[in-house]
Chemist: 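Attaching a single structure in structure tokens format; questions to follow.
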Amino acid sequence: MDYNRYQKAEQDLQYISGMRPVLRKRALYTDTTENYITPAEPSIYAEVKVRFRTAKNNVDRVFMVIGNEKELMMKEESDDTFDYYEHTLQLEAKRVSYHFEIHVGRMVCYFDQRGVAKVSNTYYDFVILPGFKTPDWAKGAVMYQIYVDRFCNGDPTNDVLTNEYHYIGDNTVRVEDWNKYPAQMGVREFYGGDLQGVLDKMDYLEDLGIDVIYFNPLFVSPSNHKYDIQDYDYIDPHIGKIVDDKGDLLQPGQFENRYASKYINRVSNKANLEASNEMFAKVVEEAHKRGMKVILDGVFNHCGSFNKWLDRERIYENAEGYEKGAYVAIDSPYHNYFHFHNGNHDQWPYNHTYDGWWGHDTLPKLNYEASKELYDYILYIGRKWVSPPYNADGWRLDVAADLGHSPEANHQFWKDFRKAVKQANPNAIILAEHYGNPSSWLQGDEWDTVMNYDAFMEPLTWFLTGMQKHSDDYRADQLGNADNYWGAMMHHCASFTMPSLQVAMNELSNHDHSRFLTRTNRKVGRTNTLGPDAANEGVNKAVLREAVVVQMTWPGAPTIYYGDEAGVCGFTDPDNRRTYPWGNEDKELIQFHKDIIRIHKENKEFLTGSIKYTLGEYNLLGYGRFTKNSQSVILVNNNDHEITKAVPVWDLGVPKDATMIQLIMTTENGYTTEPKEYQVIAGKIQITLPKTSAVILQHKIQEEVQEEPKLKKNFLHFV
């Protein structure tokens, strides 16, 4: 007898008999929400408890891997389905990056932000930033973006008038027809929307369920978009309040704005400016009374050629109470705010050689490295508007990665900006416009978060419409491609930490891209190639409803671009800046938004819960959002036919023999919020999804409220 061979056979038999069942990969889970990190936003030097979930009695060991060190996790809790392993970390004043290593017999696998993986990749590690907190009010908050000139005209007396001033090649135009499509070169036409109009529609915003108003720029500016700011200290009287209105319009043949005396008085007269600031304070006060926050747009990379610091238009040259601009005089106190390519004395007065952003002379680039005065003043502006009497609740930062002339200067400025704003208002939010990986700005000491293009708008647009976000391209290979969708979402979400992800601005449309409803018609082009009517043709509201269901159930702050909820269409700017259609709204679509917003706000899993992939097939998405006591599964069928699926839900924490309730079902023709029961059998639900539909099913553990003993109540009453 071969004794060694016999001994090996015995060892193999013992090993096989003691093996765990097959690894249940779907059970493996953790993230950095409060479900698996306690506390969820730990302070520096705090202790934090990290949890990891496995199927019950299914694995041998779980290690938490931090750099080159492995920490054995201990099983601390179990329920009918899962085991929970824990490890306590003592934090320091530095970032912690980690993943997990799971041992089952001789098999080893890893778990990071991708889920289960054969090999580890530090890019997808979970990250804790000690001391980094984002405002609780912003986590999952429903935001509403208002492009003020196109929202509501509440005060016609402050409208920009035809021939009031000259801007980029022609005179201003007051649009008399509220429903007219924007002109192709529409930056100088004005519809008259203003802050009084916002006040007039506060009931509408409150009824819709809005938590936060995000305003496109409000400061003095010659354009309707106001990204070329003229005066950071004041709200533009054309959207605020004009109390002193004297002066003349430009006369025929006049093109120099030094003759635009009505405009000069409107925007430089301190009575008008102070009244407009008071109007803004009133808007914020009214919003706060209704439980809403207000975010301002901060354009600090560049200003406008009309800006009082430069004064290329010579508006302030002879205005009372203003210093000479850097364009006008070489000895201007603002000289170093800008970079002049030719600084010879003979270039003044009226030196045209200043540096413009991307070469645009209407957008002078601010020169922070050369001027401590400018640097400090913008920090002051950052503090001013989030402090009394204005009390705004934060900033959205325009082209924030472009500010400054070097990455080092950029990062230092945003560090200082954060300190200034948070010292003035610790509960203010700082979110930035950014395309690409934002992680270097999201390390806890600069921005709170970003407008979420890469990890929300773009993947969802490609999946549901096959369209690029400007409607500039259609790709059949992207339409319905669930692998690409999940791959993009996992990859780009990994550049966020959880505090940033939970407040990320998740938009379907905005002022820079085509309206989402227009993208559903899959027409490639813009208003100058197809005409504005084409943006309305062949649109599919059922696809929009699918997108809104995802928007309201995805981690982050769902942000509605004004009018999307009312059925507004439009190609990319300026066509996406159409007016809100008061009196012609799609009331059914508005009601749908009210209902889905209510569902979003009433269920904690959609605000700060965990998210888990459930399924992904051609034109079919499924994912779960869950907390300990509430689990929801969201399914989207973007096919043009119905589909029946058995969907696992046990891995979301739903008991294997429970009942799930339908919260909402969207269909080709509308939607319903009538509850419908689905029986969970062996951890799965069987469901038939109609064509072009989305559904939310929920299981919720009702928390028991213990009634006080009657004897105690009687005793208290007797006393």
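Note: hydrogens, waters and symmetry copies are ignored here, and every other heavy atom, side chains too, is used.
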Chemist: Can you measure from CD (Glu408) to CD (Glu369) and round to the nearest 0.5 angstrom?
Modeler: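 Reported to 0.5 Å precision, the distance equals 10.0 Å.
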
Chemist: Any side-chain to backbone donor/acceptor pair from Thr465 onto Trp462? Under 3.5 Å, distance only.
Modeler: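 Not a single qualifying donor-acceptor pair exists.
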
Chemist: Do Glu92 side-chain atoms and Lys94 backbone N/O form a donor-acceptor pair below 3.5 Å?
Modeler: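 Side chain of Glu92 to backbone of Lys94, a donor-acceptor pair under 3.5 Å: no, none is there.
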
Chemist: Does the side chain of Thr134 reach to within under 4.5 Å of the side chain of Gln502, using non-hydrogen atoms?
Modeler: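 SC-SC contact between Thr134 and Gln502 ruled out.
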
Chemist: Is any side-chain heavy atom of Tyr144 less than 4.5 Å from a side-chain heavy atom of Leu205?
Modeler: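 They are in contact (side-chain heavy atoms under 4.5 Å apart), so the answer is yes.
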
Chemist: So, applying side-chain contact (heavy atoms from CB on, under 4.5 Å) with Phe215, which one of Ile295, Val198, Ile235 is it?
Modeler: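 It is Val198, the one option of Ile295, Val198, Ile235 that forms the side-chain contact (heavy atoms from CB on, under 4.5 Å) with Phe215.
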
Chemist: Could you walk me through whether Ser97 and Asp125 satisfy the side chain to side chain donor-acceptor pair (under 3.5 Å) test, starting with their C-alpha distance in whole Å, then the side-chain angles of each, then the deciding distance to 0.1 Å, before giving a yes or no?
Modeler: CA-CA 6 Å; Ser97 176; Asp125 272 5; 3.0 Å; yes

Chemist: Taking the side chain from Thr461 and the backbone from Met457, do they hold a donor-acceptor pair closer than 3.5 Å?
Modeler: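 Between the backbone of Met457 and the side chain of Thr461 there is a qualifying donor-acceptor contact (under 3.5 Å).
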
Chemist: If only side-chain N and O atoms count, and only distance matters, is there a donor-acceptor pair under 3.5 Å linking Asn307 with Tyr337?
Modeler: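 Asn307 and Tyr337 do not have a side-chain donor-acceptor pair below 3.5 Å.
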
Chemist: Consider only side-chain N and O atoms of Asn301 and Asp402, and report whether a donor and an acceptor are under 3.5 Å apart.
Modeler: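 Result is no, nothing qualifies.
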
Chemist: Counting only N and O atoms by type, is there a donor-acceptor contact under 3.5 Å from the side chain of Arg625 to the main-chain atoms of Gly609?
Modeler: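 Yes, because the side chain of Arg625 sits within donor-acceptor range (under 3.5 Å) of the backbone of Gly609.
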
Chemist: What is the distance from atom CG of Leu129 to atom OG1 of Thr32, rounded to the nearest 0.5 Å?
Modeler: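 Answer rounded to 0.5 Å: 9.5 Å.
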
Chemist: Relative to the ring of Phe111, is the ring of Phe126 parallel (under 30°), tilted (30 to 60°) or perpendicular (over 60°)?
Modeler: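 Phe126 and Phe111: parallel rings.
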
Chemist: Does the distance from a Lys or Arg side-chain N to an Asp or Glu carboxylate O, for Lys293 and Asp211, drop under 4.0 Å?
Modeler: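 Salt bridge absent between Lys293 and Asp211.
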
Chemist: Mind checking what makes salt bridge (Lys or Arg N to Asp or Glu O under 4.0 Å) contact with Asp112, not counting sequence neighbours?
Modeler: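 For Asp112, the residues satisfying salt bridge (Lys or Arg N to Asp or Glu O under 4.0 Å) (neighbours in sequence not counted) are Arg114.
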
Chemist: Measure up the His511 and Tyr561 rings against each other and bin them: parallel (under 30°), tilted (30 to 60°), perpendicular (over 60°).
Modeler: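 Ring orientation of His511 relative to Tyr561: tilted.
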
Chemist: Please determine whether side chain to side chain donor-acceptor pair (under 3.5 Å) holds for the pair Asn121 and Tyr110, giving the CA-CA distance in whole Å, both sets of side-chain angles, and the decisive distance to 0.1 Å.
Modeler: CA-CA 9 Å; Asn121 182 332; Tyr110 301 89; over 6 Å; no

Chemist: Tell me whether Arg396 is salt-bridged to Asp398, with the criterion being a basic N under 4.0 Å from an acidic carboxylate O.
Modeler: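 A salt bridge links Arg396 with Asp398.
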
Chemist: Output yes when a side-chain donor or acceptor of Gln145 lies under 3.5 Å from a complementary backbone atom of Asn510, and no otherwise.
Modeler: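 No; zero donor-acceptor contacts below 3.5 Å.
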
Chemist: Answer yes when Lys308 and Asp233 have at least one side-chain N-carboxylate O distance shorter than 4.0 Å, and no when they do not.
Modeler: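 So Lys308 pairs with Asp233 through a salt bridge.
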
Chemist: Spell out, as yes or no, whether a donor-acceptor pair under 3.5 Å connects the side chain of His225 to the backbone of Tyr227.
Modeler: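 Pair found, side chain donor or acceptor close to backbone of Tyr227.
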
Chemist: Between Trp414 and Phe300, how do the two ring planes meet: parallel, tilted or perpendicular, split at 30° and 60°?
Modeler: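 Rings of Trp414 and Phe300: tilted, as their planes differ by 30° to 60°.
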
Chemist: According to ring pair (Phe, Tyr, Trp, His ring centres under 6.0 Å), who are the partners of Phe219, at least two apart in sequence or on a separate chain?
Modeler: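 For Phe219 the ring pair (Phe, Tyr, Trp, His ring centres under 6.0 Å) partners, ignoring immediate neighbours, are Trp385.
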
Chemist: Any carboxylate oxygen within less than 4.0 angstrom of a Lys/Arg side-chain nitrogen, looking at Lys419 and Glu446?
Modeler: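 Here Lys419 does not pair with Glu446 in a salt bridge, since their nearest N and O are not under 4.0 Å apart.
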
Chemist: Is the closest side-chain donor-acceptor distance between Glu605 and Ser632 under 3.5 Å?
Modeler: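 Indeed, the side chains of Glu605 and Ser632 share at least one donor-acceptor pair under 3.5 Å.
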
Chemist: Between Asp393 and His288, is there a side-chain donor-acceptor contact under 3.5 Å, judged purely by atom types and distance?
Modeler: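 There is such a pair between these side chains.
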
Chemist: Is it the case that Thr572 and Ser514 place a side-chain donor and acceptor less than 3.5 Å from each other?
Modeler: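 Absent: no donor and acceptor within the cut-off.
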
Chemist: Classify the side-chain pair Asp361/Tyr354 by whether it contains a donor and acceptor separated by less than 3.5 Å.
Modeler: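 No.
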
Chemist: Kindly determine whether Leu431 and Leu397 satisfy side-chain contact (heavy atoms from CB on, under 4.5 Å), including the steps that lead there.
Modeler: CA-CA 6 Å; Leu431 62 90; Leu397 307 172; over 6 Å; no

Chemist: Just by distance, with hydrogens left out, do Trp441 and Asn410 show a side-chain donor and acceptor under 3.5 Å apart?
Modeler: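 The answer is yes; a qualifying pair exists.
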
Chemist: I'd like to know if the side chain of His600 reaches the main chain of Met552, judged simply by a donor and an acceptor atom lying under 3.5 Å from each other, with no hydrogens or angles considered.
Modeler: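 Yes; at least one donor-acceptor contact below 3.5 Å.
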
Chemist: Is the shortest side-chain heavy-atom distance between Ile634 and Phe606 below 4.5 Å?
Modeler: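 Counting from C-beta outward, Ile634 and Phe606 do come under 4.5 Å.
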
Chemist: With no hydrogens and no angle check, do the side chains of Gln423 and Arg383 hold a donor and an acceptor under 3.5 Å apart?
Modeler: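 No, Arg383 and Gln423 have no side-chain donor paired with an acceptor closer than 3.5 Å.
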
Chemist: Does the salt bridge (Lys or Arg N to Asp or Glu O under 4.0 Å) test come out yes or no for Asp236 and Lys226, once each step is laid out?
Modeler: CA-CA 9 Å; Asp236 195 324; Lys226 301 197 175 300; 2.7 Å; yes

Chemist: Hey, are Arg51 and Glu86 close enough for a salt bridge, meaning a charged N less than 4.0 Å from a carboxylate O?
Modeler: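 Judged by the 4.0 Å cut-off on N to carboxylate O distance, Arg51 and Glu86 do form a salt bridge.
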
Chemist: Not counting sequence neighbours, which residues clear ring pair (Phe, Tyr, Trp, His ring centres under 6.0 Å) with Tyr377? List them please.
Modeler: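 Only Trp309, Tyr380 meet the ring pair (Phe, Tyr, Trp, His ring centres under 6.0 Å) criterion with Tyr377.
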
Chemist: So does Asp149 pair up with Arg577, basic N to acidic O under 4.0 Å?
Modeler: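 No salt bridge links Asp149 with Arg577.
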
Chemist: Ring pair (Phe, Tyr, Trp, His ring centres under 6.0 Å), that's the test. Do Tyr98 and Phe100 meet it? Break it down for me.
Modeler: CA-CA 7 Å; Tyr98 61 93; Phe100 298 89; 5.6 Å; yes

Chemist: With His87, which residues qualify under ring pair (Phe, Tyr, Trp, His ring centres under 6.0 Å), at least two apart?
Modeler: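 Listed in chain order: nothing, the list is empty.
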
Chemist: Is the shortest side-chain heavy-atom distance between Trp137 and Val212 below 4.5 Å?
Modeler: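 SC-SC contact between Trp137 and Val212 confirmed.
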
Chemist: Using only atom types and a distance under 3.5 Å, with no angle test, would you say the side chain of Glu69 pairs donor to acceptor with the backbone of Gly67?
Modeler: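 Looks like no, no N/O pair under 3.5 Å.
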
Chemist: Contact between Phe413 and Tyr368 at the side-chain level, heavy atoms closer than 4.5 Å - yes or no?
Modeler: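 The answer is yes; the side chains approach within 4.5 Å.
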
Chemist: Does Arg290 come within less than 4.0 Å of Glu285, counting only side-chain N to carboxylate O?
Modeler: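 Glu285 and Arg290: not salt-bridged.
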
Chemist: Once the angle between the rings of His513 and His470 is folded into 0 to 90°, is it parallel (under 30°), tilted (30 to 60°) or perpendicular (over 60°)?
Modeler: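 Geometry flag for His470 against His513: tilted rings.
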
Chemist: So, the side chain of Tyr613 versus the backbone of Gly616: is there a donor-acceptor pair under 3.5 Å, distance only?
Modeler: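 Flag set: sc Tyr613 to bb Gly616 pair under 3.5 Å.
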
Chemist: Between Asp445 and Lys415, is there a side-chain N and carboxylate O pair less than 4.0 Å apart?
Modeler: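 Here Asp445 pairs with Lys415 in a salt bridge, since their nearest N and O are under 4.0 Å apart.
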
Chemist: In plain terms, say whether Arg515 and Asp564 are close enough for a salt bridge, that is, a side-chain N and a carboxylate O under 4.0 Å apart.
Modeler: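 Result for this pair is yes, salt bridge flagged.
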
Chemist: Given side chains that start at C-beta, do those of Gln478 and Phe463 come closer than 4.5 Å, heavy atoms only?
Modeler: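 No. Closest side-chain heavy atoms not under 4.5 Å.
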
Chemist: Are Glu433 and Asp512 close enough, and set up right, to give a side-chain contact (heavy atoms from CB on, under 4.5 Å), and what steps lead you there?
Modeler: CA-CA 11 Å; Glu433 176 193 28; Asp512 284 328; 3.6 Å; yes

Chemist: Side chains of Phe52 and Phe63: closer than 4.5 Å at any heavy-atom pair?
Modeler: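 No; the side chains remain at least 4.5 Å from each other.
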
Chemist: For residues Tyr29 and Ser610, determine if any side-chain heavy atom of one lies less than 4.5 Å from a side-chain heavy atom of the other.
Modeler: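 In short, these two side chains touch, coming nearer than 4.5 Å.
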
Chemist: List the steps, then state whether side-chain contact (heavy atoms from CB on, under 4.5 Å) holds for Ile597 with Leu208.
Modeler: CA-CA 8 Å; Ile597 287 170; Leu208 190 60; 4.2 Å; yes

Chemist: Does Asp473 have any side-chain hydrogen bond (donor to acceptor under 3.5 Å, both in side chains) partners at least two apart in sequence or in another chain, and if so, which?
Modeler: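 Counting only residues at least two positions away or on another chain, Asp473 forms no side-chain hydrogen bond (donor to acceptor under 3.5 Å, both in side chains).
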
Chemist: So, using salt bridge (Lys or Arg N to Asp or Glu O under 4.0 Å) as the criterion, who are the partners of Lys422 when residues are at least two apart?
Modeler: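 Listed in chain order: Asp448.
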
Chemist: Does His434 form a ring pair (Phe, Tyr, Trp, His ring centres under 6.0 Å) with Trp447? I'd like the steps, not just the answer.
Modeler: CA-CA 11 Å; His434 186 68; Trp447 310 337; 5.7 Å; yes

